[in-house]
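By convention in this document, chain letters (A, B, ...) are assigned in the order of the sequence lines, proteins followed by strands, and residues within each chain are numbered from 1.
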Amino acid sequence: MTASDEPEAVDAAPLPSGAPGSDALEQVQGWDVAGRYRASGIAQVGGDWYDVVQVASGRVAVVIGDVSGRGAQAAPTMSRVRDAARRFLREDDDPAVTVARLNDLTVQLLPGQVVTALVALLDRTEGIRICSAGHLPPLTVDGTRTRYWDVAQGPALGLTPDAVYAVSHHALDRSATMVLYTDGLVERRGEPIDAGLERLARSGATASDFAALCDHLIGTVAAGDDDVAVVALRRKESG
Amino acid sequence: MLDFDVQVVGMGECTRVTVRGELDIATAPQLVEALTRAIEERQPRIVVDLLGTTFVDSTGLTTLFRAHKRLESQGRVLAIVCGSDNFEVRRVIDLMGFDEVFNIYETLASSGCEESGSAS
């Protein structure tokens, strides 16, 4: 692998899973998954993405990520990392293995690019396994109760070849919804990041309908013109 | 107007880049320009002073990271001054894991780039 293998153009870059017009509920066995993607400005694609991957073991992996920078400049890196994540997860569904491989790819083939990403592996009996590369923590909403999970954190992708990534285990109750999001949802100029996280938690506590949750959060929390990706998931009632 | 200002000052063996205000996707291009100038000064050490930086986002930190890598490949050093009392900026640095790659110092004195006289 060489540095000259960097992507140069957006040509043939497919839209992210959560591109405009594809905001329907994802059909995933055992789980309800809803996602929303909003690109900044007039761009169709940007640096944020989410993805839902049915892995070989019958489990489901959900990926969310954010390439530093905005709009079309970040899109080639986004599609590269997103596609690699799909491939890696199908080969080995351990979230930490995929994140470590994505870090190697970013360090070696996309030098200077910085990507935050979070991979969650869903298993209805074993719970949720998470590995985060510098990404913001998942929010869980259970009625009016909200909580941020303290997940295993390593550095953002691309920072160092010596990065170490671990997996943390979490239980998502039947009544609860997990929300993954990118920083465009919570960041506001001149405001501490924690104020944005508090605003997101407050908004999550007032949401009523799962199908409309992502729109509700974007409508009530997002301030700026940054790319935003949000994905919500919960256990299906049956099946 | 954006609340942002960046200054480059040569200080003997080091070049100091002082960043004030909000460093984000809108103001990062000004930092890129300032860092390019600082790198061209050819001093072995560039110290980026974030003591007066009130807000930083991933694009701002990525700008610093790219300068860090470029200097490192030249056998030079990028040092960052960000006191632990600058909680907002330090939180984003730590959250994204930049603390694992940056040389971070609490004060200008500890960064190896303290001014001897008074300057503004």
Side-chain angles (χ1 to χ4, degrees), chain A residues 3 40-41 46-48 65-71 73-74 77 99 103 106-107 110-118 132-137 148 151-165 182-184 186-197 224-227, chain B residues 1-5 19-32 35-36 39 50 52-74 78 80 82 84-104:
Chain A
S40 64
D48 290 15
D66 181 355
V67 177
S68 254
R70 183 152 56 175
Q73 292 171 331
T77 295
V99 169
N103 185 57
T106 310
V107 166
L110 303 163
Q113 298 290 332
V114 175
V115 185
T116 71
L118 184 148
S132 169
H135 201 83
L136 290 165
Y148 284 99
V151 301
Q153 279 277 7
L157 306 175
L159 295 191
T160 168
D162 303 322
V164 175
Y165 297 100
T182 55
D183 62 11
V186 292
E187 266 183 6
R188 240 179 234 194
R189 284 183 71 91
E191 180 190 85
I193 185 91
D194 289 306
L197 293 174
D225 183 37
D226 198 2
D227 298 344
Chain B
M1 277 300 292
L2 298 172
D3 171 25
F4 183 79
D5 175 61
V19 183
R20 291 193 189 88
E22 301 180 351
L23 171 59
D24 65 5
I25 194 159
T27 57
Q30 288 172 256
L31 178 62
V32 170
L35 285 169
T36 303
I39 288 169
L50 299 182
T53 307
T54 54
F55 176 87
V56 71
D57 74 354
S58 60
T59 305
L61 292 177
T62 297
T63 298
L64 291 173
F65 173 67
R66 288 173 182 165
H68 165 87
K69 282 194 38 145
R70 185 163 157 200
L71 287 163
E72 194 178 53
S73 72
Q74 297 170 354
L78 182 93
I80 287 172
C82 181
S84 46
D85 57 342
N86 192 348
F87 181 77
E88 300 313 335
V89 171
R90 194 54 209 260
R91 172 125 162 82
V92 181
I93 289 174
D94 294 352
L95 191 66
M96 293 185 67
F98 282 100
D99 56 321
E100 295 196 23
V101 287
F102 286 161
N103 303 293
I104 302 176

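Heavy-atom neighbours of chain A within the stretch residues 96-103 of chain B, taken at a separation under 4.5 angstrom, comprise B:Met96, B:Gly97, B:Phe98, B:Glu100, B:Val101.
When heavy atoms are compared at a cutoff of 4.5 Å, B:Leu95 approaches chain A by way of both its backbone and its side chain. B:Asp57 touches chain A through backbone and side chain together, each having a heavy atom under 4.5 Å away.
Annotation: salt bridge (charged side-chain N to carboxylate O under 4.0 Å, His left out) contacts of B:Arg90 (sequence neighbours excluded): B:Asp94.
Your options are A:Asp194, A:Asp162, A:Leu136, A:Asp66, and the one with the most heavy-atom pairs under 4.5 Å with chain B is A:Asp194. Each of B:Val92, B:Ile25, B:Thr63, B:Thr54 has some count of heavy-atom pairs under 4.5 Å with chain A, and the biggest count is that of B:Ile25. In terms of heavy-atom pairs under 4.5 Å with chain B, the best-connected choice from A:Ile193, A:Leu159, A:Val67, A:Thr160 is A:Leu159.
Residue B:Phe65 comes nearest to A:Val114 through the heavy atom pair CD2-CG2, 3.6 Å, listed as atom of the first residue, atom of the second, then distance. Summarising the geometry of B:Thr62 relative to A:Gly112, their closest heavy-atom pair is CG2-O, 3.9 Å, with the distance given to 0.1 Å.
A:Ser68 places a side-chain N or O within donor-acceptor distance of the main-chain N or O of B:Ser58, the cut-off being under 3.5 Å.
The environment of CZ in B:Arg70 is sparse: at most 12 heavy-atom neighbours from other residues, nucleotides or ligands sit within 6.0 Å.
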